[in-house]
Amino acid sequence: MDAPCQTTPPLEIPSRYTTDRSRIREMLDLSAAQLAASDTAQKGFALKVPDAFLQRIRQGDPGDPLLLQVWPSREEELDVPGYHHDPVGDGAATLTPGLLQKYRGRALLVTTGACAIHCRYCFRRHFPYHEHRDEEESWQSALAQIRSDPTLTEIILSGGDPLTLSNRRLASLLAQLGEIPHLKRMRIHTRIPVVMPRRLDEPLGNLLARYASSLVMVVHANHARELDAQVHDTLWELRHNNIVLLNQSVLLRGVNDAADRLIALSERLFECGVLPYYLHQLDPVAGAAHFQVSDETAVALLEAMRCALPGYLVPQLVREQEGEPYKRPIL
Ligand SMILES: *Cc1c(COP(=O)(O)O)cnc(C)c1O
Ligand code: SF4
């Protein structure tokens with residue numbers, strides 16, 4: 001299950017992160033024996049943790065739920081049947097390089113291959129980003145396709161993480177999308193407000209605010225401890241700019257597969273001005289099988305959430321399956 005070697009492109013924004021295993025072990029006060037790493041797993045998808053996220057990992061705990069999300073463990077080397085490089089049929093859904101469509105009315109624009117953090121369970125960890133860049137890297141073929149199809153009413157900016165793009169490029173993209181008359185909504189799928197909150201500076205806030213009436217931002221947190229005071233303030237800034245905020249999580253063994261953790265996450269999201277949207281069952285991507293939680297457990301966890309929370313703080317538990325008309329709820 002060797003990944004084709006695809007070094008992800010650099011971020012367009014200045015940022016501080018680490019790719020250095022020893023530095024992380026040192027910071028967390030863990031030895032190489034306590035925290036073993038896999039070289040093979042890192043070949044196509046290197047360790048990458050922004051400082052803001054690193055600071056929230058507890059010292060001395062190799063099983064910390066934040067650490068597990070970013071650490072390239074030996075378990076990634078396991079070759080598990082059914083886990084592959086294109087787990088959700090992105091290849092087959094490609095309309096034109098950089099543009100995927102699976103569902104009626106909405107298409108997903110792969111704006112960049114860069115991310116601020118590398119999440120080990122990511123379903124696009126083997127995505128062939130290099131095949132989705134047009135020559136000028138300006139999304140022109142995707143934009144032409146969107147302009148020519150009046151049935152598209154919503155565009156999802158995804159990647160990678162669209163907020164790794166410079167404000168200049170993001171402004172240009174939003175402006176071009178904003179001029180397409182049949183588009184009613186634009187959505188940004190991003191982990192940056194959670195993992196690199198400083199990126200949401202005033203100029204970016206002002207840019208997003210201009211599109212507030214049609215903009216939805218879906219952030220991504222899996223554990224309440226990811227949402228510290230700085231993230232809280234950043235998310236409220238976005239809310240004050242009238243941007244609708246939703247969260248998606250992935251159900252991950254060792255990270256959030258406990259009712260009290262999922263409940264705490266929903267409670268904390270609300271405090272941060274965000275409503276839960278989806279709780280995804282893991283996509284079977286090669287290298288992530290050790291994160292899998294059974295459907296039976298997942299359903300029991302959802303039941304526990306329903307017993308403890310108002311309905312609007314219970315996310316939809318869904319699984320994406322190639323060829324389905326929507327992300328199917330698991331009941
Ligand atoms: C997940 C996804 C969407 C969004 O689906 P919603 O149910 O509207 O959130 C759209 N397009 C693609 C290709 C997706 O993978
Ligand atoms: S930020 Fe999103 S796209 Fe990037 S590695 Fe994490 S889950 Fe994947």
Test side-chain contact (heavy atoms from CB on, under 4.5 Å) on Val250 and Phe123; report intermediate values, then the result.
CA-CA 10 Å; Val250 182; Phe123 71 102; over 6 Å; no
Using side-chain heavy atoms (C-beta onward) and a distance below 4.5 Å, is [X] in contact with [Y]?
| X | Y | value |
| --- | --- | --- |
| Leu269 | Leu235 | no |
| Leu279 | Leu301 | no |
| Tyr17 | Ile117 | no |
| Leu227 | Val194 | yes |
| Arg225 | Asp64 | yes |
| Leu165 | Leu157 | no |
| Tyr83 | Pro284 | yes |
| Glu131 | Thr94 | no |

Measure from the side-chain N and O atoms of [X] to the backbone N and O of [Y], and report whether any donor-acceptor pair falls under 3.5 Å.
| X | Y | answer |
| --- | --- | --- |
| Arg199 | Thr164 | no |
| Gln145 | Arg147 | no |
| Ser249 | Ala221 | yes |
| Ser166 | Arg169 | yes |
| Lys327 | Gln316 | no |
| Gln69 | Pro65 | yes |
| Trp71 | Ala36 | yes |
| Asp86 | Gly91 | yes |
| Gln281 | Gln292 | no |
| Glu296 | Ser294 | no |

Worked check of side-chain hydrogen bond (donor to acceptor under 3.5 Å, both in side chains) between Asn222 and His220
CA-CA 7 Å; Asn222 301 307; His220 171 181; 3.3 Å; yes
So His118 and Phe45, would you call those rings parallel, tilted or perpendicular, with 30° and 60° as cut-offs?
parallel
Please work out whether the ring planes of Trp236 and His240 are parallel, tilted or perpendicular, with thresholds of 30° and 60°.
tilted
Between [X] and [Y], is there a shared hydrophobic cluster once you connect ILVMFWY residues whose side-chain heavy atoms come closer than 4.5 Å?
| X | Y | answer |
| --- | --- | --- |
| Leu30 | Leu47 | yes |
| Leu108 | Tyr277 | no |
| Leu309 | Val274 | no |
| Phe291 | Leu262 | no |
| Leu177 | Ile243 | yes |

Closest approach of [X] to [Y] (non-hydrogen atoms, all atoms of both residues):
| X | Y | result |
| --- | --- | --- |
| Leu302 | Pro315 | CD1-O, 3.6 Å |
| Met305 | Ser266 | CE-OG, 3.6 Å |
| Arg124 | Gly159 | NH1-O, 2.8 Å |
| Thr96 | Ser141 | OG1-OG, 3.4 Å |
| Pro50 | Ala116 | CD-O, 3.3 Å |
| Ile146 | His182 | O-NE2, 2.8 Å |

For the [atom1] atom of [X] and the [atom2] atom of [Y], what is their distance to the nearest 0.5 Å?
| X | Y | atom1 | atom2 | value |
| --- | --- | --- | --- | --- |
| Arg239 | Asn242 | CZ | CG | 9.0 Å |
| Leu54 | Leu67 | CG | CG | 9.0 Å |
| Leu251 | Arg319 | CG | CZ | 10.0 Å |
| Leu100 | Leu95 | CG | CG | 7.5 Å |
| Leu183 | Asp149 | CG | CG | 9.5 Å |
| Arg104 | Thr151 | CZ | OG1 | 9.0 Å |

Begin from the C-alpha positions of Ile155 and Arg187 and carry the test side-chain contact (heavy atoms from CB on, under 4.5 Å) through to its verdict.
CA-CA 6 Å; Ile155 294 300; Arg187 209 196 300 181; over 6 Å; no
Checking Val285 against His126 for the side-chain contact (heavy atoms from CB on, under 4.5 Å) test, could you report, in this order, the C-alpha distance in whole Å, the side-chain angles of both residues, the deciding distance, and whether it holds?
CA-CA 8 Å; Val285 64; His126 308 292; 3.6 Å; yes
State whether [X] and [Y] are salt-bridged, where the test is any N-O pair (Lys NZ or Arg NE/NH1/NH2 against Asp/Glu carboxylate O) under 4.0 Å.
| X | Y | answer |
| --- | --- | --- |
| Asp39 | Arg21 | yes |
| Asp51 | Arg16 | yes |
| Arg106 | Glu154 | no |
| Arg120 | Glu75 | no |
| Lys43 | Glu76 | no |
| Glu271 | Arg268 | yes |

Could you tell me if the ring centre of His132 sits under 6.0 Å from that of Phe127?
yes
What side-chain donor-acceptor pairs closer than 3.5 Å can you find for residues 203-217, not counting sequence neighbours?
unit_1 : atom_1 : unit_2 : atom_2 : d
Asn206 : ND2    : Glu202 : O      : 3.4
Tyr211 : OH     : Ala175 : N      : 3.4
Ser214 : OG     : Tyr211 : O      : 3.4

Please lay out, stage by stage, how Thr297 and Arg253 fare under the test side-chain contact (heavy atoms from CB on, under 4.5 Å).
CA-CA 10 Å; Thr297 303; Arg253 186 145 67 88; over 6 Å; no
Please check if any side-chain donor atom of Ser172 sits under 3.5 Å from a side-chain acceptor atom of Gln176, or the reverse.
yes
Applying side-chain hydrogen bond (donor to acceptor under 3.5 Å, both in side chains), run through Ser38 and Gln42 and close with a yes or a no.
CA-CA 7 Å; Ser38 161; Gln42 283 203 84; over 6 Å; no
